[in-house]
Amino acid sequence: MQEQKRQSTPIGRRSILKGAAAVAGAALAPRAITGFPAVIAAEPVSLRYLGTAVNQSKEIAQKVKADLGITIEYVPVVTDDVAKRIITQPGSFDIADCEYFQLRKLMPSGNLIGMDAKRIKYADKITPVFTKGQVAGKTIGDQGTAPKKVFYLEGQTSTKFATSPTQWITLIPTVYNADTLGIRPDLIKRPISSWSELLNPEFKGKASILNIPSIGIMDAAMVVEAMGTHKYKDKGNMTKEEIDLTMKVLTDAKKSGQFRAFWKDFNESVNLMASGETVIQSMWSPAITKVRSMGIPCVYQPLKEGYRAWAAGFGLPKTLKGKKLDAAYDFINWFLSGWAGAFLNRQGYYSAVLETAKASMEPYEWAYWMEGKPAEKDIKAPDGTLLEKAGTVRDGGSYDTRMGAVACWNAVMDENDYMVRKWNEFIAA
Amino acid sequence: MERVHRGLTSRAAPYWQVAPLVLVFAIFFVMPLVLTAVVSTWRYNEYEMLPALVGSNYASVFTDCLAELPRLCLTFKTYLSTLRLCAAVWLATLLLGFAVAYFLAFHVRSLAWQMALFLVCTIPFWTSNVIRMVSWVPLLGRHGLVNSFAQEAGFTHAPIEWLLFSNFSVVVAFVHLYTMFMIVPIFNSMSRIDPALLEAAYDAGATGWQTLWNVIVPLSKPGIVIGSIFIVTVVIGDYVTIGVMGGQQIASVGKVIQVQLSYLQFPLAAANAMVLLAAVLVIVWGMTRLVDVRAEL
């Protein structure tokens with residue numbers, strides 16, 4: 001109670017919401033049934049899962065229900081709103097699926113607590129991408145908020161990130177991927193190999209970038225560096241001068257009509273590419289899959305400067321106690337145990353514990369998605385629709401090649417306020 | 001009319017009767033507004049708001065606005081772009097809305113037909129906002145219907161680029177969406193015009209245009225003003241339509257506020273919202289100066 005009070009002083013509204021959420025929570029919580037033997041009395045537990053809709057599959061909820069008896073109630077919001085909810089309404093969810101780069105804002109609020117590695121069965125099997133920033137023994141790019149920088153906490157309720165491994169993990173990874181530019185090979189008709197092509201006048205009026213400042217500016221930085229205009233010390237943490245320079249390059253391109261449109265939403269990006277309004281743009285992996293499933297050629301083009309990576313994971317709110325806390329750990333352990341990992345890998349994402357996922361996938365699926373080998377059989381989506389015909393090779397190749405070529409990670413900069421302001425100016429230019 | 005209530009009850013009755021509305025307004029309108037005003041003077045950092053009474057958020061809204069003159073600062077530029085759109089949409093919806101209302105009020109005689117045609121006007125609202133906006137792409141896009149027609153008919157050789165993701169497409173989408181808000185109040189004003197006045201004008205030898213300009217337009221003014229208030233307030237605060245139809249390349253005040261909200265800069269967003277509110281109030285005040293809406297109703 002004392003804790004809560006201290007927490008709620010900065011914002012009056014927060015305590016009101018907290019109260020409201022607590023009342024709602026109490027009303028929702030299943031009533032205890034007494035007088036039954038322990039086994040039967042195991043009451044149904046439900047977890048409110050806050051995250052983005054992309055990660056919240058019906059299939060996962062159904063499988064959890066069947067395997068563990070836990071009901072997952074999805075609370076789908078957009079990436080930015082996940083952070084907003086965690087900060088302003090920490091009592092409104094039981095488990096949060098958020099991105100690592102947001103942690104620099106989230107942890108100081110004290111609303112999330114460290115997860116006990118001892119209770120996570122596969123904690124030491126989590127890929128070294130997260131724990132050490134390595135793929136296949138090779139260190140990968142760590143500019144921006146690389147997960148290894150924010151993976152451990154000094155203590156369970158600490159708000160400081162530990163520099164060496166501890167027992168307390170901030171987020172248990174769910175999905176991650178390496179992002180690059182999407183292109184329409186049928187309309188470009190020549191090989192593309194560098195980020196600098198995004199601002200190539202050849203594609204004037206046919207390029208696009210995403211209008212989410214913190215991600216858009218990273219893509220822009222990849223372009224600026226590829227053009228040889230400037231070499232950043234850390235693309236994910238620019239100085240004011242670097243922000244000015246990056247935005248100037250973008251603004252000049254915008255004024256000369258390089259961009260057809262910017263996009264903000266997954267479907268907008270699919271629409272732009274599928275309709276041929278754009279031929280080269282920043283894009284997310286599932287959007288490429290969607291364009292391709294319409295029968296339109298679209299490539300997630302690997303580029304020589306590398307990828308911009310992102311990663312999301314499960315975090316626990318400080319308020320979670322008792323049965324719900326146990327259920328949350330059970331759910332996370334289940335999530336790492338293979339089925340979910342295989343499910344995500346089959347969509348082109350990557351899962352946290354590779355060996356369990358491998359055991360849950362067919363050898364030909366593993367070979368296609370993770371080893372970069374030509375598909376032995378037709379590759380199907382989890383819902384059975386045909387994704388790729390036999391013989392196709394995944395764009396960018398194997399896990400080791402793709403994740404090994406990561407150059408930077410989604411980030412929150414020290415000069416975040418300034419960056420947001422400059423981005424707004426860019427849109428207004 | 002017979003009075004049912006007597007004494008104290010009858011004097012208190014009007015208050016009880018307005019109480020529910022007052023309560024709804026107080027809770028859902030006044031309180032959030034007051035909270036926004038209060039928060040706009042608070043300090044903030046990356047993850048929390050700290051109660052304070054500072055003007056720094058307002059200062060930040062107008063950063064460099066005086067120093068950079070005559071070059072426009074972000075806020076002025078954004079308002080200018082929003083106001084320009086606002087004016088274009090207002091003019092287009094006014095002309096179109098007035099014409100449609102005129103047709104419905106003076107040319108369609110039967111009530112049944114008036115109702116039927118009104119329903120036709122609501123068709124744009126039958127689908128979701130997003131679907132409606134996305135469906136403009138196959139029509140106005142580079143490979144869309146309009147462009148392929150224009151090229152086949154020989155009007156142009158290359159696709160017309162400014163049809164989509166431009167100020168033009170934003171105005172088209174707004175007009176498509178909101179002309180209804182202009183039609184209804186203007187129609188309402190027109191349907192109160194006594195037909196005898198039109199006959200008198202005709203008898204006095206006025207031409208059709210003279211009747212329109214000297215009789216119908218002045219008497220429709222309250223409707224025009226109410227419709228204009230609807231349009232201006234809706235367009236000035238919009239960021240979804242401007243975002244999607246403008247290809248996210250056109251600045252709008254709403255978008256600036258939305259970006260600040262998603263970066264948890266609540267006090268800054270609140271300050272921006274208060275400035276926007278002030279701008280809207282000034283515009284509405286100006287319009288009601290032109291016509292005393294309350295007296296005319």
Side-chain angles (χ1 to χ4, degrees), chain A residues 7 9-14 78-81 83-84 86-88 102 104-111 159 205-206 208-214 216 254 257 259-265 267-268 270-272 274-278 412 414 416-417 419-429, chain B residues 35 38-39 42-51 60 63 72-82 130-131 133-135 137-138 140-144 159 161 164-166 169 239-240 243-253 255-266 268:
Chain A
Q7 267 296 305
T9 31
I11 309 171
R13 199 168 66 94
R14 196 194 287 175
V78 299
T79 312
D80 290 337
D81 284 343
K84 215 190 288 178
I86 292 173
I87 285 177
T88 58
Q102 297 172 317
R104 284 188 60 196
K105 277 196 259 185
L106 298 180
M107 294 321 288
S109 73
N111 291 344
T159 54
K206 293 175 181 169
S208 174
I209 198 167
L210 76 175
N211 186 10
I212 299 175
S214 55
K254 185 189 172 195
F259 302 111
R260 181 61 171 147
F262 303 130
W263 60 268
K264 167 106 192 173
D265 169 89
N267 288 312
E268 280 175 2
V270 171
N271 212 353
L272 281 172
S275 64
E277 294 293 329
T278 60
V412 171
D414 292 336
N416 196 38
D417 278 13
M419 190 275 289
V420 170
R421 185 178 166 78
K422 285 288 152 184
W423 188 271
N424 275 332
E425 278 175 24
F426 160 58
I427 297 296
Chain B
L35 278 178
V38 169
V39 166
W42 284 15
R43 258 191 268 273
Y44 67 96
N45 59 28
E46 302 256 270
Y47 53 89
E48 62 186 354
M49 297 190 277
L50 308 157
S60 165
T63 308
L72 293 176
C73 63
L74 171 64
T75 303
F76 287 171
K77 227 188 250 172
T78 309
Y79 271 89
L80 187 71
S81 127
T82 309
V130 174
I131 292 176
M133 287 189 289
V134 164
S135 44
V137 176
L140 299 177
R142 193 176 280 144
H143 307 287
E161 301 270 327
L164 189 62
F165 304 133
S166 59
S169 59
Y239 63 90
V240 178
V244 176
M245 296 306 293
Q248 310 276 357
Q249 301 211 55
I250 298 171
S252 61
V253 187
K255 182 74 199 172
V256 170
I257 295 175
Q258 191 244 348
V259 168
Q260 286 165 345
L261 282 179
S262 49
Y263 283 81
L264 300 165
Q265 304 169 338
F266 292 113
L268 193 53

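Reminder, nothing fancy here: chain letters follow the sequence lines and each chain counts from 1.
Counted within 6.0 Å of NZ on Lys206(A), heavy atoms from surrounding residues, nucleotides or ligands total 12 or fewer; the atom is thus considered open. Within a 6.0 Å radius of OH in Tyr79(B), other residues, nucleotides and ligands contribute more than 12 heavy atoms.
Asn271(A) CG to Ser135(B) OG: the interatomic distance, rounded to the nearest 0.5 Å, is 9.5 Å. Atom CZ of residue Arg421(A) and atom OG of residue Ser60(B) lie 5.5 Å apart, to the nearest 0.5 angstrom. Here the straight-line distance linking atom CG of Asp80(A) with atom CG of Leu261(B) works out to 10.0 Å at 0.5 Å rounding.
Shortest non-hydrogen contact noted between Asn424(A) and Leu74(B) is O-CD1, 3.5 Å.
Interface residue Leu164(B): backbone and side-chain heavy atoms are both found under 4.5 Å from chain A. For chain B, no part of Thr79(A) is nearby; none of its heavy atoms comes within less than 4.5 Å. With a threshold of 4.5 angstrom between heavy atoms, Leu264(B) approaches chain A through side-chain atoms but not through N, CA, C or O. Of the atoms belonging to Leu272(A), it is side-chain heavy atoms, and not backbone ones, that fall under 4.5 Å from chain B. Looking at Ser166(B), there are no atoms closer than 4.5 Å to chain A (heavy atoms on both sides), in backbone or side chain. Of the two parts of Asn267(A), neither the backbone nor the side chain holds a non-hydrogen atom closer than 4.5 Å to a non-hydrogen atom of chain B. Using a 4.5 Å cut-off between heavy atoms, Leu80(B) makes no contact with chain A at all.
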### Query
How far apart are the C-alpha atoms of Lys264(A) and Val244(B), what are their side-chain angles, what is the distance that settles it, and do they pass the side chain to side chain contact (heavy atoms under 4.5 Å, CB included) test?
CA-CA 9 Å; Lys264(A) 167 106 192 173; Val244(B) 176; over 6 Å; no

### Message
Checking Glu268(A) against Gln248(B) for the side chain to side chain contact (heavy atoms under 4.5 Å, CB included) test, could you report, in this order, the C-alpha distance in whole Å, the side-chain angles of both residues, the deciding distance, and whether it holds?
### Response
CA-CA 11 Å; Glu268(A) 280 175 2; Gln248(B) 310 276 357; 3.6 Å; yes

### Task
Go through Glu161(B) and Arg260(A) one step at a time and tell me if the salt bridge (charged side-chain N to carboxylate O under 4.0 Å, His left out) criterion holds.
CA-CA 9 Å; Glu161(B) 301 270 327; Arg260(A) 181 61 171 147; 3.7 Å; yes

### Worked check of side chain to side chain contact (heavy atoms under 4.5 Å, CB included) between Tyr263(B) and Val412(A)
CA-CA 10 Å; Tyr263(B) 283 81; Val412(A) 171; over 6 Å; no

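Contact count against chain B (heavy-atom pairs under 4.5 Å) is highest for Gly276(A) among Gly257(A), Ala429(A), Gly276(A). Contact tally against chain B (heavy-atom pairs below 4.5 Å) for Phe262(A), Phe426(A), Trp423(A): the top residue is Phe262(A). When Gly141(B), Ser81(B), Gly246(B) are compared by the number of non-hydrogen pairs under 4.5 Å with chain A, Gly141(B) comes out ahead. The candidate with the highest count of non-hydrogen atom pairs below 4.5 Å against chain B, out of Gly205(A), Ala83(A), Ser208(A), is Gly205(A).
Residues Asn211(A) and Lys255(B) meet the side-chain proximity criterion, which asks for heavy atoms closer than 4.5 Å. Using a 4.5 Å heavy-atom threshold, the side chains of Glu48(B) and Ile87(A) count as separate. No side-chain heavy atom of Asp81(A) sits less than 4.5 Å from a side-chain heavy atom of Ser262(B).
Judged by distance alone, with hydrogens and angles left aside, the side-chain atoms of Gln249(B) form a donor-acceptor pair with the main-chain N or O of Phe259(A) at under 3.5 Å. Side chain of Glu277(A) to backbone of Arg142(B): a donor-acceptor contact under 3.5 angstrom is found.
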